[in-house]
Amino acid sequence: MANLYAVKPSPDKGLGVFATKPIKSGTVIVRDHVIMKIRRPECDVTSQQVQGAFDALSKEDQAAFMALHEGNLPYKTKLLRIYKANAFGDEVHAWVYLKLARLNHSCAPNAEITETDNEADVKVVALKPIQKGEEVLISYNGALEEGSKRERAMVTKENHGFECNCSVCSLTGEEAMLSDGRRRLINAISHKLEGFEPTHLYTTGSVSGLTPGKAWKVVSRYKRALDVPLTPQQTTAYSFILTKLLEAEGMVCYELAKSYATAGLSLLGQLHGFKAAVVLASAQYVTEWMETGLSIMKTVRSPGSKDVTELEEAWKLVRKSGHLRLARSLEQKLIEPKGKNPNKPKKGTNRTPSITERFGGTAFAVEMKAPHRLLSQDECKALLMRQRREICQSA
Ligand SMILES: C[S@@+](CC[C@H](N)C(=O)[O-])C[C@H]1O[C@@H](n2cnc3c(N)ncnc32)[C@H](O)[C@@H]1O
């Protein structure tokens, strides 16, 4: 594992972690053991706590700790500055890891820190394929970097003391504007899907007079429930739009996997509303979205983890639903013009035809005799042909 990366200078960031060979998504790049763990009191870790934790380290770890990046936050002692620049934490604890301390930040990270079975160890997992020589980057601010470039800059400066020069923050002009727009939508849609009204950093900050860093903490902690709950149609549409926005922003994360799965499950719920018909295109989308969600979940979470197991179970149940079984049992050639292979790549391309190309712009519906009885191939064929004729006649 050690030969997957090397610590080298990173432009304008000091040192960084770089891939020494191509790394596949889901690969564990680094494992690390905690050297300092401090319980956070109400306010924040005190300098006495840091000094106490430092004194308890071995001479070797003390030397390695003092060689870490000092950051730019205006703390009085070098010890505190190093601690603040390198500690990871949640509401309750803060931890320092020597190898992880060399990882720089990106608002579109290609790697993520995850837990291991051993509480004192963590691992860094590749979220995307990483090229040889590419820097391995994590997000210091959680997976969903939802703010605009300006908002992120204020929070990063206040909390971490640096100006982010990642690929997203380095965008300019129209590209920066588009990225900001997408992140605002990601913020609004992900809040709504969780059942909350979107909160805005600027509003919270200016109303309360808080600094951006503190306003960000308030925004992430206190949320107002939605005035009107989302309809199933909105849930499907919002979840799918969220997957595309996250992908466009290069955010491969737990939320991306969850959004695909939510879109699939919600669309299946809508399909169940049609007692007498199965919409083939929708059944295909349910399958595609569930499979994509599961495959991303397997990258961002360990095999056998609760998140992966729960999604696998959900997908197993979904596959048993009458609508999907019927859709799967239909042979594609039944609904395509004679002699054409619907799955054959289009001439001059090597991509598989899209669902719309395969099924035509109009979704076909097949009457189901009873919600859970599968029709025979012949019944399906007759029904589909009748529907196709009707659609052609009405066009
Ligand atoms: C935990 S250290 C990361 C490793 C550090 N670059 C080193 O040389 O050891 C955090 C510091 O790295 C720098 N840094 C990390 N991510 C950065 C980014 N996206 N843009 C600019 N500086 C960054 C900042 O100086 C920050 O205080």
Side-chain angles (χ1 to χ4, degrees), residues 5-20 29-38 44-45 50 53-54 61-90 93-113 122-124 127-128 130 133-172 175-176 179-180 183 212-213 216 249-251 253:
Y5 72 93
V7 175
K8 292 196 302 192
S10 173
D12 302 322
K13 298 189 196 110
L15 296 174
V17 172
F18 291 82
T20 50
I29 306 168
V30 192
R31 270 181 203 276
D32 207 355
H33 187 76
V34 69
I35 60 153
M36 214 183 243
K37 180 178 177 184
I38 302 182
D44 204 357
V45 170
V50 179
F54 179 77
D61 280 352
Q62 283 186 346
F65 182 93
M66 290 312 285
L68 292 178
H69 196 280
E70 208 172 317
N72 306 299
L73 287 167
Y75 287 95
K76 276 195 191 135
T77 63
K78 182 174 178 185
L79 182 68
L80 209 50
R81 284 194 295 276
I82 292 182
Y83 168 79
K84 289 283 180 183
N86 294 283
F88 295 95
D90 58 21
H93 289 106
W95 301 269
V96 178
Y97 303 87
L98 289 174
K99 291 184 214 160
L100 265 53
R102 295 300 179 191
L103 287 160
N104 287 317
H105 162 89
S106 168
C107 299
N110 54 17
E112 187 180 51
I113 301 177
V122 285
K123 57 188 180 183
V124 176
L127 296 173
K128 308 170 189 173
I130 302 175
E134 195 181 334
E135 185 164 4
V136 178
L137 297 158
I138 57 167
S139 165
Y140 292 176
N141 302 324
L144 276 194
E145 289 278 2
E146 303 164 7
S148 65
K149 179 175 165 172
R150 204 169 147 214
E151 289 168 335
R152 294 197 309 275
M154 290 192 302
V155 174
T156 309
K157 186 86 191 155
E158 188 183 324
N159 288 349
H160 304 289
F162 65 88
E163 269 155 40
C164 180
N165 66 7
C166 78
S167 59
V168 190
C169 292
S170 305
L171 294 173
T172 55
E175 298 247 341
S179 166
D180 277 358
R183 286 186 188 236
W216 181 73
E249 282 300 294
M251 289 199 252
C253 51

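Whatever order the structure lists them in is the order used to number ligands and atoms, beginning at 1.
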Side chain proximity check, Met36 to Asp61, heavy atoms < 4.5 angstrom:
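No, too far: nothing below the 4.5 Å cut-off.
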Indicate yes or no: at least one non-hydrogen side-chain atom of Asn72 is less than 4.5 angstrom from one of His160.
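Answer no - side chains too far apart.
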Within the 4.0 Å heavy-atom sphere of ligand 1, strictly under, residues
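Its neighbours under 4.0 Å (heavy atoms only) are Lys13, Gly14, Leu15, His69, Gly71, Asn72, Ala85, Asn86, Ala101, Arg102, Leu103, Asn104, His105, Tyr140, Phe162, Glu163, Cys164, Asn165, given by chain and number.
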Would you give the length of the straight line joining atom OG of Ser139 to atom CD of Glu112, rounded to the nearest 0.5 angstrom?
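Atom-to-atom, Ser139:OG and Glu112:CD are 9.0 Å apart.
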Could you point out which residue of Phe65, Tyr75, Phe54 forms a side chain to side chain contact (heavy atoms under 4.5 Å, CB included) with Ile82?
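For Ile82, the side chain to side chain contact (heavy atoms under 4.5 Å, CB included) test succeeds with only one of Phe65, Tyr75, Phe54, which is Phe65.
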Would you call Arg183-Glu151 a salt bridge at under 4.0 Å N-O?
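A salt bridge is absent here (no side-chain N lies under 4.0 Å from a carboxylate O).
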Look at the rings of Tyr97 and Phe88 and say which category their plane angle falls in: under 30° parallel, 30 to 60° tilted, over 60° perpendicular.
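Rings of Tyr97 and Phe88: tilted, as their planes differ by 30° to 60°.
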